[in-house]
Amino acid sequence: MTKSSYNIVMFAYNEANNLANSVTAVANNCDDNLNKFYLVANGCTDNTVGVAEELKKQLNFDKMEVINIELGDKCNAWNHYVHNVADEDTLCHFFVDADVVFSKRCFPLLIDKIIKANDSCHIIAGMPLSGRNLEFYQSLVTERFCFFGNLYGMHQRYLRLVKEKKFKLPIGLNWIDSFLTKAANTDIQFIPQNLPDRVIHLDGVGFHFDSLSPFKLDDIKLYKNRIARYELGKIQEIYLDDIDSNKWPATMHEINLSIAESFEEKTKGLGFIKRYLVKKRLGRLIAKGK
């Protein structure tokens, strides 16, 4: 294993229709320093696993390994990879989503950047390179040191810190990117201010995605789910901010029950549509015990 070695882990939930573009984009934009590409299918009810196995054969992608997890929860998938799969000898672990593609030579370029970074660097953020609000989302990376689950790399030193502190995301947590960003920027202390140089980026290197269309039913459903996740995540954040991260619950179930009990108060700043979408999502999570 070289000093420039990296893994790539892709989380996929019912992405059978999108997987070919993303997996091919990984294969086309990595180099010989790739150690392993893990595709983690979490709770899929479509043919994501079958499509992934077929793509591995078609692309002759020997470094690809498909992991199938029964529980459909991205937090659980993140916890599983970080604590049960990721090795500490690999320099960097890239996390990517299954509905995006990547800029040319994305992974080697980001590896080169993170190798040259100072010893306080935890994360290298992939830059958003498309979308209607491109300028705003890029400013989140460059000015506020945010990163997105679409693409980011975790340095081995931060992986060791995560394991040492036994830091895990509660199952049923929404708006995951916000919590991971706060954790990385504060050495998992969740203090009010960012510590310097924890999150870096490389201009022009990152991910592309198709904008959602108001004329496609699947895109409308995805958009509504995204609104519900973000708004519920903001409410959940209020509760978790009052708990030390080493005492976070394994699941959000009890917190979600508390939110439901005072739902009108907690969502009074939302409009009717957002409140309806959050309530519907919250009900589904509670029914599943998350």
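- Not counting sequence neighbours, the partners of D97 by the salt bridge (charged side-chain N to carboxylate O under 4.0 Å, His left out) test are K74.
- In summary, the side chains of H122 and N185 do not present any donor paired with an acceptor at a separation below 3.5 Å, with no hydrogens or angles considered.
- With a 6.0 Å radius and a threshold of 12 heavy atoms from other residues, nucleotides or ligands, E70 has its CD atom at or below the threshold.
- The main-chain N or O of T48 is found under 3.5 Å from a side-chain atom of D46 such that the two form a donor-acceptor pair.
- In this structure, the side chain of T181 does not engage the main chain of S178 through any donor-acceptor pair within 3.5 Å.
- When hydrophobic clusters are built by joining Ile, Leu, Val, Met, Phe, Trp and Tyr residues whose side-chain heavy atoms come closer than 4.5 Å, directly or via intermediates, L140 is not grouped with F147.
- Within 6.0 Å of the CZ atom in R284, the count of heavy atoms belonging to other residues, nucleotides or ligands exceeds 12.
- Not less than 6.0 angstrom separates the ring centroid of Y239 from the ring centroid of W248.
- Between the side chain of R157 and the backbone N or O of D119 there is at least one donor-acceptor pair closer than 3.5 Å.
- The distance from atom NZ of K288 to atom CG of L71, rounded to the nearest 0.5 Å, is 9.0 Å.
- Proximity of a side-chain donor or acceptor of N133 to a complementary backbone N or O of F136 within less than 3.5 Å is not detected.
- A donor-acceptor pair under 3.5 Å is absent between the side-chain atoms of T90 and the main chain of C92, judged by distance alone.
- Heavy-atom neighbours of E88 CD from other residues, nucleotides or ligands within 6.0 Å: above the threshold of 12.
- If you look at F94 and Y152, their ring centroids are not closer than 6.0 Å.
- Taking each heavy atom of L180 and F167 in turn, the nearest pair found is CD2-CE2, 4.4 Å.
- Taking both residues in full, the closest heavy atoms of L134 and P128 are given as CD1-O, 3.1 Å, listed atom of the first, atom of the second, then distance.
- Minimum heavy-atom separation, L91 to S4: CD2-CA, 4.2 Å.
- Annotation: cation-pi pair K182/F179 present, NZ/CZ under 6.0 Å from the ring centroid and within 45° of its normal.
- Under the 3.5 Å distance criterion, the side-chain polar atoms of S258 are matched with a main-chain donor or acceptor of E254.
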message: Assess the residue pair N150 and F95 against the criterion (side-chain contact (heavy atoms from CB on, under 4.5 Å)); give the C-alpha distance rounded to whole Å, side-chain angles, the decisive distance to 0.1 Å, and a yes or no.
response: CA-CA 7 Å; N150 309 88; F95 294 76; over 6 Å; no
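- Atom-to-atom distance recorded for H93:NE2 and M154:CE is 8.0 Å, nearest 0.5 angstrom.
- No side-chain heavy atom of M127 sits under 4.5 Å from any side-chain heavy atom of V205.
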Working for side-chain contact (heavy atoms from CB on, under 4.5 Å), residues V141 and F145: CA-CA 5 Å; V141 177; F145 309 105; over 6 Å; no
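- Nearest heavy atoms, V66 versus A52: CG2-CB, 3.9 Å.
- A donor-acceptor pair under 3.5 Å is absent between the side-chain atoms of K166 and the main chain of N246, judged by distance alone.
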message: Set out, in order, the CA-CA distance, both residues' side-chain angles and the distance that settles side-chain contact (heavy atoms from CB on, under 4.5 Å) for F190 and I243, then state yes or no.
response: CA-CA 10 Å; F190 290 88; I243 307 172; over 6 Å; no
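- F148 is connected to I114 through a chain of hydrophobic side-chain contacts under 4.5 Å among Ile, Leu, Val, Met, Phe, Trp and Tyr, so both are in one cluster.
- Without hydrogens or angle criteria, R226 side chain to K224 main chain gives no donor-acceptor distance under 3.5 Å.
- A heavy-atom distance below 4.5 Å is found between the side chains of M10 and V26.
- By the neighbour-count criterion of 12 heavy atoms within 6.0 Å, atom NZ of K36 is densely surrounded, having more than that number from other residues, nucleotides or ligands.
- With rounding to the nearest 0.5 Å, the separation of NE2 in H155 from CD1 in I115 is 8.0 Å.
- Enclosure of atom NZ in K163 by more than 12 non-hydrogen atoms of other residues, nucleotides or ligands within 6.0 angstrom is indicated.
- For the residue pair A184 and V199, the shortest heavy atom distance occurs at CB-CG2, 4.4 Å.
- Within a 6.0 Å sphere centred on CG of N118, heavy atoms belonging to other residues, nucleotides or ligands number more than 12.
- In this structure, L257 CG and L282 CG are separated by 8.0 Å, a value rounded to the nearest 0.5 Å.
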Listed pairs under 3.5 Å, donor-acceptor, residues 98-110 side chains, sequence neighbours left out:
unit_1	atom_1	unit_2	atom_2	d
S103	OG	G206	N	2.9
S103	OG	G206	O	3.3

All N/O donor-acceptor pairs, side-chain side in residues 227-236, below 3.5 Å, sequence neighbours left out:
unit_1	atom_1	unit_2	atom_2	d
E231	OE2	K274	NZ	3.4
Q236	OE1	N174	N	2.8
Q236	NE2	G172	O	3.2
Q236	NE2	N256	OD1	3.0

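- Atom CD1 of I69 and atom CG of N42 lie 6.0 Å apart (nearest 0.5 Å).
- Evaluation of the side chain to side chain donor-acceptor pair (under 3.5 Å) rule for N194 yields no partner, not counting sequence neighbours.
- Here L195 is tied into one hydrophobic group with I191, each link being a pair of ILVMFWY side chains closer than 4.5 Å.
- Residues I176 and V96 are members of separate hydrophobic clusters, defined by side-chain heavy-atom contacts under 4.5 angstrom among Ile, Leu, Val, Met, Phe, Trp and Tyr.
- For D62, the side chain to side chain donor-acceptor pair (under 3.5 Å) criterion is met by no residue, not counting sequence neighbours.
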K113 vs L202, side-chain contact (heavy atoms from CB on, under 4.5 Å): CA-CA, chis, key distance, verdict: CA-CA 7 Å; K113 175 77 172 182; L202 182 59; 4.1 Å; yes
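- Listed for the Q189 side chain is a donor-acceptor partner under 3.5 Å among the backbone atoms of T186.
- Side chains of T45 and N14: a donor on one and an acceptor on the other come within 3.5 Å.
- Using modelled atom types, one finds no donor on one side chain facing an acceptor on the other under 3.5 Å when comparing N79 with H83.
- Between atom CG of residue N225 and atom NZ of residue K280 there is a gap of 8.5 Å, rounded to the nearest 0.5 Å.
- In the hydrophobic cluster analysis, where Ile, Leu, Val, Met, Phe, Trp and Tyr join through side-chain heavy atoms closer than 4.5 angstrom, I67 is grouped apart from I8.
- Hydrophobic clustering (side-chain heavy atoms under 4.5 Å, transitive across Ile, Leu, Val, Met, Phe, Trp, Tyr) keeps W175 apart from I188.
- In terms of heavy atoms, S130 sits closest to H208 at OG-CA, 3.5 Å.
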